Number of protein chains: 2
Amino acid sequence: MPKLDTSLIAGLPPFEGLQREELAQVLSSARSLRFAREAAIFEQEAEAHSFFVLLDGYVRVVRTTPEGEQVIVRYISEGEVFGIAAALGRTTYPATAIAAVDCVVLAWPSALWPELSARFPLIGVNTYKTVGNRLQDAHTRVVEMSTEQVEQRVAHALLRLVRQTGRQTDEGIEIDFPITRQDIAEMTGATLHTVSRLLSAWEEQEIVRSGRKRVIVRDPHRLVLKAESREDG
Amino acid sequence: MPKLDTSLIAGLPPFEGLQREELAQVLSSARSLRFAREAAIFEQEAEAHSFFVLLDGYVRVVRTTPEGEQVIVRYISEGEVFGIAAALGRTTYPATAIAAVDCVVLAWPSALWPELSARFPLIGVNTYKTVGNRLQDAHTRVVEMSTEQVEQRVAHALLRLVRQTGRQTDEGIEIDFPITRQDIAEMTGATLHTVSRLLSAWEEQEIVRSGRKRVIVRDPHRLVLKAESREDG
DNA sequence: CCGCCACTTTGCGCGAGCGCAAGTTTCCGG
DNA sequence: CCGGAAACTTGCGCTCGCGCAAAGTGGCGG
């Protein structure tokens, strides 16, 4: 196994505040792994053998119902931890993680979490802060699903993706990974048909520009209006 | 301030595994507080000065949208921690906590969390396990809201409340605190009208029995059927 | 370079559940 | 014991978004 360099993780949120020497120690028990686009990094219900930090790419976290319907729980961006079942006292993964593009991840054995978080308390603090934010996000989503129309929810979802992964282009801000109408539907509790209709309408109004697995937001401000008001702006 | 007895918290999940002497130390920095029915224990957006353990009663955790709509995030039962913003790196409460009945709580200053969780690692482990479960629950709810009809969601909500707080009576299992149609609506993303209609229909079918602020489940099994199948059983 | 498949678009009809409105019951405070 | 407000019930019409169906379109693999 090649020695991993501390520069890989220096500056990443989970390791914020650690010394170079400490980073090296943390890295010494990590493996680096690659996953091809659409490959599963871990599967729902499987034993949680590892936890991960995403070094490069994007990861889609998906829950599947007993009836086979899928819901996208969230997207993971570079520098985020994921699959941290161990830190939360679980022994199995509650969802499936799929590489949305070719990805590079670091993996630690779950069994190492207690030792690691004890030796480097900052890692624990940073991780639990992340968990707190995700709990927040999840509740926000419950509130949205309870109180908003589909149009508002889709607008909110796009705005969140733009904020999280937006890449400036000459046409507007583009979501930085391939995303289908079906994906957006699974994030918002709508059908791909309704999402397609909404995107078409917004394209008409020059708010977005979209194509096969691509979405570009041209006018974020007007999209915010869609997200906030019930009537048609 | 009266000295608090270790028997108050011995055996509660957050303090699982601690020695009597340790319990005493933990208690020494706690205050005991009472809240009358419908009183606010803390408010959304307010500075998170304390975190809490519920000794007696039930607490309703509510999020309010900018538009003034309310969503019930969860109910807290005896022995659960709540208001743990500090442990998740937040400085304000993300929701409002209301005593659903007269309540007794223990409160610790938020500033004490780092010290407390460092001195008694088990408290941290237990608390983060709870957080993990709540994150799970929140995601489960998102999935339900995305994939289920209102009838199924209401059935699921009732079953969860029965499991969490059910009290056996001669008529069936009763939800152990006053709960209105409006409350159930705010848990499920429905209107109180629809909830009322559902409860009436179920009363007709002798699945539940309900009155002013009361719900009794007479036939949990048939309610499970309602929760699981799309058509009318 | 071309064929195919995954992805997308669009039309049409319908039904779950909301919004509104009016009336009833229950409980609590005085 | 009584008055009023809070909680609950029920009816009716409408609309948002789904379900189904069918026809485009772009891009990748062979």
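Proteins come first, then strands; the chains are lettered A, B, ... in the order of their sequence lines, and each starts at number 1. In this text the structure is predicted, and so the values were computed from the model without any measurement.
B/Arg212 has its CZ atom 11 Å from the P atom of D/dT9, to the nearest Å. Per the geometry, CZ belonging to A/Arg214 stands 14 Å off C1' belonging to C/dC7, to the nearest Å. A/Gln149 has its CD atom 9 Å from the C1' atom of D/dG17, to the nearest Å. Atom C1' of nucleotide D/dA7 and atom CG of B/Leu199 are separated by 13 Å, given to the nearest angstrom. If you measure from atom CD of A/Glu38 to atom C1' of C/dA6, you get 12 Å, rounded to the nearest angstrom. Atom-to-atom, CD of B/Glu203 to C1' of D/dT10 comes out at 15 Å; the value is rounded to the nearest Å. Spacing between atom NZ of A/Lys213 and atom C1' of D/dC28 amounts to 11 Å, rounded to whole angstrom units. Across the protein-nucleic acid pair, A/Asp183 atom CG and C/dT8 atom P stand 8 Å apart, rounded to whole Å.
Distance check: A/Gln44 CD to A/Gln70 CD gives 9.0 Å after rounding to the nearest 0.5 Å.
Counting any heavy atom pair closer than 4.0 Å across all strands shown, B/Arg181 reaches sugar-phosphate atoms only and no base atom. Using a 4.0 Å heavy-atom distance criterion, A/Ser196 is classed as a base contact.
Under 4.0 angstrom from either OP1 or OP2 of C/dC7 there lies no side-chain N or O belonging to A/Thr180. Close to D/dG17, at under 4.0 Å from its OP1 or OP2, lies no side-chain N or O of A/Thr191. Applying the 4.0 Å criterion to OP1 and OP2 of C/dC18, one finds that B/Thr194 has a side-chain N or O inside that range.
A donor-acceptor contact under 3.5 angstrom links the side-chain atoms of B/Arg197 to the base of C/dG19.
Nearest-nucleotide mapping onto DNA chain D: of A/Glu148 and B/Ser200, the residue sitting toward the 5' end is B/Ser200. Residue whose closest nucleotide on DNA chain C sits further toward the 5' end, between A/Val195 and B/Val195: A/Val195.
For A/His193, the side-chain atoms get nearest to D/dA21 when compared with the rest of D/dA21, C/dT8, C/dC18.
Here B/Arg153 does not pair with B/Glu144 in a salt bridge; the nearest charged N to carboxylate O distance is not below 4.0 Å. A salt bridge links B/Arg60 with B/Glu38: at least one charged nitrogen is closer than 4.0 Å to a carboxylate oxygen.
Judged by distance alone, the side chain of A/Ser110 and the main-chain N or O of A/Ala48 form a donor-acceptor pair under 3.5 Å.
Between B/Thr180 and B/Asp183, the side chains place a donor N or O and an acceptor N or O closer than 3.5 Å (distance only, hydrogens not considered).
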